[in-house]
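Order of the sequence lines sets the chain letters (A, B, ...), proteins ahead of strands, with each chain counted from 1. Only this structure's heavy atoms are used, side chains among them; waters, hydrogens and symmetry mates stay out.
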Protein chains: 2
Amino acid sequence: MGTPLPRDPIADARLNWERHGWADVAAPMAAITAIMRTQQILLARIEGVLKPFGLTFARYELLALLSFARGGALPMNKASALLQVHPTSVTNAVDRLQGAGLVLRSPHPTDGRTTLIELTPEGRTLAKRATAVLNSEVFGQSGFAGQDVDQLIRILGTFRRNAGDFSD
Amino acid sequence: MGTPLPRDPIADARLNWERHGWADVAAPMAAITAIMRTQQILLARIEGVLKPFGLTFARYELLALLSFARGGALPMNKASALLQVHPTSVTNAVDRLQGAGLVLRSPHPTDGRTTLIELTPEGRTLAKRATAVLNSEVFGQSGFAGQDVDQLIRILGTFRRNAGDFSD
DNA sequence: GCAATATACTAGGACATCCAAGGGTTTGGA
DNA sequence: TCCAAACCCTTGGATGTCCTAGTATATTGC
């Protein structure tokens with residue numbers, strides 16, 4: 001990851017696709033590969049910022065979600081659905097966040113099956129501090145032009161809707 | 001991941017950002033979060049297609065890269081640089097591909113330090129078959145409009161260049 | 001020739017994800 | 001009312017990726 005490459009490897013892959021008779025899907029292949037690589041770059045930046053807080057991206061997302069929930073609490077299955085992750089991943093994340101004293105489990109008042117995840121004061125403080133750094137170090141310096149941000153939100157929003165993420 | 005949500009969770013997060021006084025970075029936050037989620041969806045599709053072939057995305061990428069290299073061989077460090085992954089990840093991928101008989105290691109003719117990864121005939125065949133299915137099942141049905149594909153390639157290409165991926 | 005550099009492997013650990021299975025709880029139809 | 005089906009969470013096991021060393025070997029530069 002040190003030195004920049006002399007050429008764009010994704011543009012090269014696209015040329016290879018076209019040369020091998022797959023010109024009809026070369027462009028979407030390049031777009032999808034670019035999304036994969038961009039995600040990798042962004043994730044590295046985000047995790048670099050979160051590391052000093054002892055958080056990973058998955059755990060930060062859960063913390064941030066709770067900080068916006070009324071009462072700072074949410075059922076596990078709600079969190080799983082909203083974050084679009086497997087229930088066992090939520091269990092794993094809550095285990096670690098609870099170990100760090102950032103959240104706690106409490107029984108649901110009416111439904112004995114579900115458990116609530118609740119933000120502790122420490123969790124709320126840490127979420128706020130981590131968000132502040134994330135805002136200034138990552139989101140505030142995304143490297144995307146303003147118009148391109150709008151384009152991305154529109155294009156990826158359509159994609160996610162078609163993929164069945166939401167029916168909005 | 002079953003039922004679509006009634007509302008777009010990323011749009012909701014953007015509203016929450018704006019309500020908490022972070023309106024200036026709410027849009028890039030939404031764009032970046034959308035990239036993360038889109039990558040997740042695409043990766044699931046890709047790995048679903050590759051699973052019957054006994055391949056993961058990382059291993060397929062290496063196989064595809066080799067299939068385009070002259071002689072079907074490439075030094076480990078070249079592959080690491082072109083795929084933008086950690087050298088130990090390449091070692092890991094090669095171990096498994098070699099175990100499956102898809103690639104083999106051979107000494108570099110002039111530089112005794114470097115080892116070449118070489119595609120076997122089986123590896124070349126499998127790469128071709130996997131690519132065919134990937135083209136028809138994923139890239140050919142990406143769900144992106146033609147113009148949006150061009151936008152993505154442009155926007156993400158600029159981003160990757162600025163991030164230091166290449167100096168093209 | 002000798003010291004720095006480069007390359008690849010090994011070992012160990014952290015992390016996220018998924019799957020299958022199981023126990024407790026609620027719901028709803030017979 | 002009662003029992004089967006559905007729901008919720010957890011556990012244990014398995015994959016897969018990435019990272020940080022440390023080691024051995026080979027090359028390059030002084």
Original post:
Under 30°, 30 to 60°, or over 60°: which ring-plane class applies to His20(B) and Phe68(A), parallel, tilted or perpendicular?
Top reply: perpendicular
Subject >> Spacing between Gln39(A) atom CD and dT17(C) atom C1', to the nearest angstrom >> reply: 14 Å
Subject >> Value in whole Å for how far the P atom of dT25(C) lies from CG of Asn77(A) >> reply: 16 Å
Original post:
Short question: side chain of Gln40(B), backbone of Gln84(A) - any donor-acceptor pair under 3.5 Å?
Top reply: yes
Subject >> Asp24(A): partners by salt bridge (Lys or Arg N to Asp or Glu O under 4.0 Å), with sequence neighbours left out >> reply: none
**OP:** Spell out, as yes or no, whether a donor-acceptor pair under 3.5 Å connects the side chain of Thr115(B) to the backbone of Ser106(B).
**Re:** no
Subject >> Side chain to side chain, Leu156(B) and Phe144(A), heavy atoms closer than 4.5 Å >> reply: yes
Subject >> No-hydrogen, no-angle side-chain donor-acceptor test under 3.5 Å, Trp22(B) and Asn16(B) >> reply: no
Original post:
dT17(C) P sits how many Å from Gln40(B) CD, rounded?
Top reply: 7 Å
Subject >> From Thr114(A) atom OG1 to Asp111(A) atom CG, the distance as rounded to the nearest 0.5 Å >> reply: 4.5 Å
Subject >> DNA chain C: 5'-proximal contact among Leu116(B) and Gly112(A) (nearest heavy atom) >> reply: Leu116(B)
Subject >> Rounded distance in Å - CD (Gln84(A)) to P (dA16(C)) >> reply: 18 Å
Subject >> Interface residues of residues 91-105 of chain B with DNA chain D (non-hydrogen, below 4.0 angstrom) >> reply: Asn92(B), Arg96(B)
Original post:
Taking CZ from Arg113(A) and C1' from dC8(D), how many angstroms apart are they, rounded to a whole number?
Top reply: 7 Å
Original post:
Of the residues in residues 43-69 of chain A, which ones touch DNA chain D at a heavy-atom distance under 4.0 Å?
Top reply: none
Original post:
Rounded to the Å, how far apart are His86(B) NE2 and dT7(C) P?
Top reply: 14 Å
Original post:
How many angstroms lie between atom CG of Leu50(B) and atom CZ of Phe57(B), to the nearest 0.5 angstrom?
Top reply: 8.0 Å
Original post:
Closest to the Thr114(A) side chain: dT10(D), dC8(D), dA8(C)?
Top reply: dC8(D)
Original post:
Distance check: side-chain N/O of Thr88(A) vs OP1/OP2 of dC18(C), anything under 4.0 Å?
Top reply: no
**OP:** Kindly compute the distance separating CG (Leu126(B)) from OH (Tyr60(B)), expressed to the nearest 0.5 Å.
**Re:** 10.0 Å
